[in-house]
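Data first, discussion second: the structure below is written as structure tokens.
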Amino acid sequence: MFSYILRRLLVDVIPAIAVVAVVAFTLIHLTPGDPASVALGEEARPEQVAALRAQLGLNDSLPVQFGHWASRIAHLDLGQSIFRHDSVFEGITSSLPWTLELTLLALTFGVVFGVSAGIAAALSKGGLLDKIVMGIAMLGISMPSFYLALLMSFAIGVKLGWLPTGGSIPFAEDPLGNLRSMIMPALVLSLIEGAFISRVTRSSMLDIKGLDFVRTARAKGAAENRVVLVHMLRNAMVPIVSSVAVVASLLMGGAIIVETIFGIPGMGQLVIHAVQNRDYPVLQGVVLTVAGIYIMINLAADVLCAMVDHRIRFN
């Protein structure tokens, strides 16, 4: 297994990160706007803007700028933020824990809801419960995250007053307050992504439901819970794990929008401010970090699939 992981890191992960770095750097620098002009404001004189552009190295050609940036990346240096006046690494490390907490909480809710609902729908195929679950799943897949966030914020936060509609409390200061502030945004993300997991779980369970070994287990008198959880669910895990990996990747992107609506100081607000201020180093660092997380999630999913299904080999 370790040789497989090492080979994937060398053959897949590092080249993928390199491609992402080139594409992200090129697209970010081709977008309209001048960081020097934005930083100095509309009243800045042309010579001031020219001096700041020279200081930031923006007058160099794109290949030269990329070479300088890639050299810093090779030394694990993401550079300095133009507007935050701190290192990009510090900005990401202060924002990433909020996004990871929201993503993990939403993923937990989504997996529990999605897998449970998918199993229930598969066991009652064609019945009322199946139709209800699939109807909710279809609604969840079709609902934009920002719209659901606004609806839940109004209904649960404003009308009912059960949960706060915004703000953030660090976990170290108040664990319960932190959880209260994160539940609603996590539910928004989990309902949407859990709908996708439930559909995959239902389909995978139905593929297993009619196979010979399931009928044999029932014929031998095995309890229904054991048949479902051990014989059916275990053999249906590969597509479910793959769908969870896809959901985990999508959650990182969806969290950016939801964080902005609920005022969570995560990667979402960091990206929004960087885009508004044309903060190239921060944008490049965030894209590289998120791409690395995506790739590692997919690598972990491949390893987990091989661990839960003995038919898959590490090669």
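Atom set for the values below is all heavy atoms of this structure, side chains included, hydrogens, waters and symmetry mates excluded. Index from 1, following the sequence.
- Interatomic distance, OG of S204 versus CD1 of I197, reported as 12.5 Å (0.5 Å rounding).
- To the nearest 0.5 Å, atoms CD1 (I183) and CE (M152) are separated by 10.0 Å.
- Without hydrogens or angle criteria, S153 side chain to L150 main chain gives no donor-acceptor distance under 3.5 Å.
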Requested in this report: For side chain to side chain contact (heavy atoms under 4.5 Å, CB included), just list the numbers for L233 and I240, CA-CA rounded to whole Å, side-chain angles, deciding distance to a tenth of an Å, and then say yes or no.
Outcome: CA-CA 9 Å; L233 183 59; I240 295 175; 3.9 Å; yes
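- Side-chain contact between V228 and M205 is present, with heavy atoms from C-beta onward closer than 4.5 Å.
- Under the side chain to side chain contact (heavy atoms under 4.5 Å, CB included) criterion, S94 pairs with R84, not counting sequence neighbours.
- A donor-acceptor contact shorter than 3.5 Å is absent between the side chain of K125 and the backbone of L206.
- Residues I192 and M138 are members of separate hydrophobic clusters, defined by side-chain heavy-atom contacts under 4.5 angstrom among Ile, Leu, Val, Met, Phe, Trp and Tyr.
- Scanning all heavy atoms of the two residues, the minimum distance from V282 to A274 falls at CG1-CB, 3.7 Å.
- A donor-acceptor pair is defined here as one N or O able to donate and one able to accept, closer than 3.5 Å; such a pair exists between the side chain of T289 and the backbone of G285.
- Here L123 contributes atom CG and M232 contributes atom CE; the two are 5.5 Å apart, rounded to the nearest 0.5 Å.
- A 6.0 Å sphere centred on OH of Y294 holds more than 12 heavy atoms belonging to other residues, nucleotides or ligands.
- The heavy-atom pair separating S81 from D279 by the smallest distance is OG-OD2, 2.5 Å.
- Using a 4.5 Å cut-off between side-chain heavy atoms of Ile, Leu, Val, Met, Phe, Trp and Tyr, with links allowed through other members, V246 and F113 fall into different hydrophobic clusters.
- Between L96 and L270 there is no side-chain heavy-atom pair separated by less than 4.5 Å.
- The shortest non-hydrogen separation linking V227 to A217 is CG2-CB, 4.2 Å.
- Side-chain contact check for I264 versus M182: some heavy-atom pair is nearer than 4.5 Å.
- The hydrophobic clustering, which links ILVMFWY residues whose side-chain heavy atoms are closer than 4.5 Å, places F109 and L139 together.
- Residues I208 and F213 have side chains in contact (heavy-atom distance under 4.5 Å, counting atoms from C-beta outward).
- Side-chain contact annotation: E259 with T99, donor-acceptor N/O pair under 3.5 Å present.
- In this structure a side-chain-to-backbone donor-acceptor pair under 3.5 Å is present from T93 to E90.
- With respect to R202 and D130, a salt bridge is recorded, a charged nitrogen being found less than 4.0 Å from a carboxylate O.
- For the residue pair R180 and L163, the shortest heavy atom distance occurs at O-CD2, 3.9 Å.
- Ring geometry, F25 versus W69: the interplanar angle falls under 30°, so the pair is classed parallel (tilted spans 30 to 60°).
- Considering every non-hydrogen atom in both S190 and L187, the closest pair reads OG-O, 3.0 Å.
- Under the 4.5 Å side-chain heavy-atom criterion for grouping Ile, Leu, Val, Met, Phe, Trp and Tyr, F196 is not connected to V112 through any hydrophobic cluster.
- With hydrogens and angles ignored, the 3.5 Å screen pairs no side-chain donor or acceptor of S203 with any backbone N or O of V200.
- Considering all non-hydrogen atoms of both residues, L107 and A248 come closest at CD2-CB, 4.1 Å.
- We find the CG-OG distance between L148 and S142 to be 12.0 Å, quoted to the nearest 0.5 Å.
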Report task. Could you check Q284 against I73 for side chain to side chain contact (heavy atoms under 4.5 Å, CB included), going step by step and ending with a plain yes or no? Result -> CA-CA 11 Å; Q284 292 161 185; I73 295 299; over 6 Å; no
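- To the nearest 0.5 Å, atoms CD1 (I293) and CG (L288) are separated by 10.5 Å.
- Within the 3.5 Å criterion, the main-chain N or O of I169 finds a donor-acceptor partner in the side chain of N178.
- The structure places OG of S198 at 11.0 Å from CD of E193, a figure rounded to the nearest 0.5 Å.
- I261 and V158 are members of different hydrophobic clusters when ILVMFWY side chains are connected at heavy-atom separations under 4.5 Å.
- V258 pairs by the side chain to side chain contact (heavy atoms under 4.5 Å, CB included) definition with S145, P185, V188, L189, F262, not counting sequence neighbours.
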